[in-house]
Amino acid sequence: QVQLVESGGGLVQAGGSLRLSCVASGIIFRLNVVAWYRQVPGKQRELVAKVSTASTTTYADSVKGRFTISRDNAKNTVYLQMNSLNPEDTAVYYCNIPPNYWGKGTLVTVSS
């Protein structure tokens with residue numbers, strides 16, 4: 001059974017930083033693309049960043065230059081380093097292994 005468990009969310013002031021982690025189990029992690037999505041109530045879930053098996057990264061335009069996705073295959077873990085946070089980054093952040101494996105999410109709240 002595949003499980004994805006996110007951690008690292010919380011409350012931070014605008015301009016601050018957080019690092020999210022997602023630990024995967026029940027899957028050969030190194031063979032899979034991994035992604036971070038986020039969702040605000042009433043809006044569609046949106047892709048934030050993804051990292052390929054070769055550690056090639058892709059980012060949403062809204063987070064380019066501020067967020068960094070990385071993976072540690074030895075620890076079955078993907079990270080999302082988020083810097084220069086602003087209130088528009090407030091959302092529940094979800095870890096995803098395409099197409100259908102999702103974590104339960106971790107809430108990030110950025111105060112102005």
Side-chain angles (χ1 to χ4, degrees):
Q1 181 181 0
V2 177
Q3 284 193 317
L4 303 176
V5 180
E6 303 99 333
S7 62
L11 174 63
V12 64
Q13 286 190 330
S17 298
L18 283 174
R19 188 175 84 153
L20 306 183
S21 300
C22 170
V23 180
S25 60
I27 195 167
I28 304 176
F29 182 78
R30 61 182 173 81
L31 297 182
N32 285 273
V33 172
V34 192
W36 286 98
Y37 283 74
R38 66 186 180 188
Q39 188 169 25
V40 175
K43 294 190 175 182
Q44 279 196 325
R45 195 170 293 187
E46 64 172 358
L47 176 67
V48 175
K50 65 181 178 181
V51 57
S52 74
T53 56
S55 293
T56 302
T57 56
T58 305
Y59 297 94
D61 287 344
S62 59
V63 307
K64 278 182 184 175
R66 300 188 298 123
F67 290 12
T68 302
I69 189 171
S70 61
R71 63 191 299 159
D72 184 338
N73 290 336
K75 296 181 179 180
N76 284 5
T77 301
V78 62
Y79 303 99
L80 186 68
Q81 178 66 45
M82 306 186 295
N83 299 328
S84 302
L85 285 161
N86 59 61
E88 290 69 39
D89 296 316
T90 295
V92 177
Y93 284 71
Y94 297 91
C95 182
N96 166 253
I97 292 182
N100 294 322
Y101 299 120
W102 295 91
K104 293 184 178 181
T106 185
L107 176 63
V108 171
T109 304
V110 184
S111 64
S112 57

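No experiment lies behind these values; they were computed from the predicted model shown. When a residue number appears, it is its place in the shown sequence, counting from 1.
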Quick check on the hydrophobic clustering: are [X] and [Y] connected, directly or via other members, by side-chain heavy-atom contacts under 4.5 Å?
X: V23; Y: I69; value: no
X: L18; Y: Y59; value: yes
X: V33; Y: L47; value: no
X: Y37; Y: V78; value: no
X: Y79; Y: F67; value: no

M82 side chain reached by V48 side chain, heavy atoms, under 4.5 Å: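 With C-beta onward as the side chain, the pair stays apart.
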May I ask you to test the E6-W36 pair for a side-chain heavy-atom distance under 4.5 Å? yes
Keeping to residues at least two apart or across chains, list the side-chain hydrogen bond (donor to acceptor under 3.5 Å, both in side chains) pairs with something in residues 12-30. S17-N83
Would you mind listing every side-chain hydrogen bond (donor to acceptor under 3.5 Å, both in side chains) that reaches into residues 93-105, with sequence neighbours excluded?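 As it turns out, the side-chain hydrogen bond (donor to acceptor under 3.5 Å, both in side chains) pairs with a partner in residues 93-105, which skip direct neighbours, are R38-Y93.
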What are the two closest heavy atoms between [X] and [Y], and how far apart are they?
X: L4; Y: C22; value: CB-SG, 3.9 Å
X: V34; Y: C95; value: CG1-SG, 4.1 Å
X: P87; Y: A14; value: CD-CB, 4.2 Å
X: F29; Y: N76; value: CB-OD1, 3.4 Å
X: I97; Y: A24; value: CD1-CB, 4.4 Å
X: V40; Y: A91; value: CG2-CB, 3.9 Å

Main-chain N/O of [Y] paired with [X] side-chain donor or acceptor, under 3.5 Å:
X: R71; Y: S52; answer: yes
X: Q81; Y: T68; answer: no
X: T90; Y: V110; answer: yes

Should the heavy atoms of other residues, nucleotides or ligands under 6.0 Å from CG of L31 be counted, would the total exceed 12? yes
Which value, rounded to the nearest 0.5 Å, describes the distance between N32 atom CG and I27 atom CD1? 4.0 Å
N73 side, atom CG; I28 side, atom CD1 - distance, nearest 0.5 Å: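 Answer for the CG-CD1 pair, N73 versus I28, is 11.5 Å.
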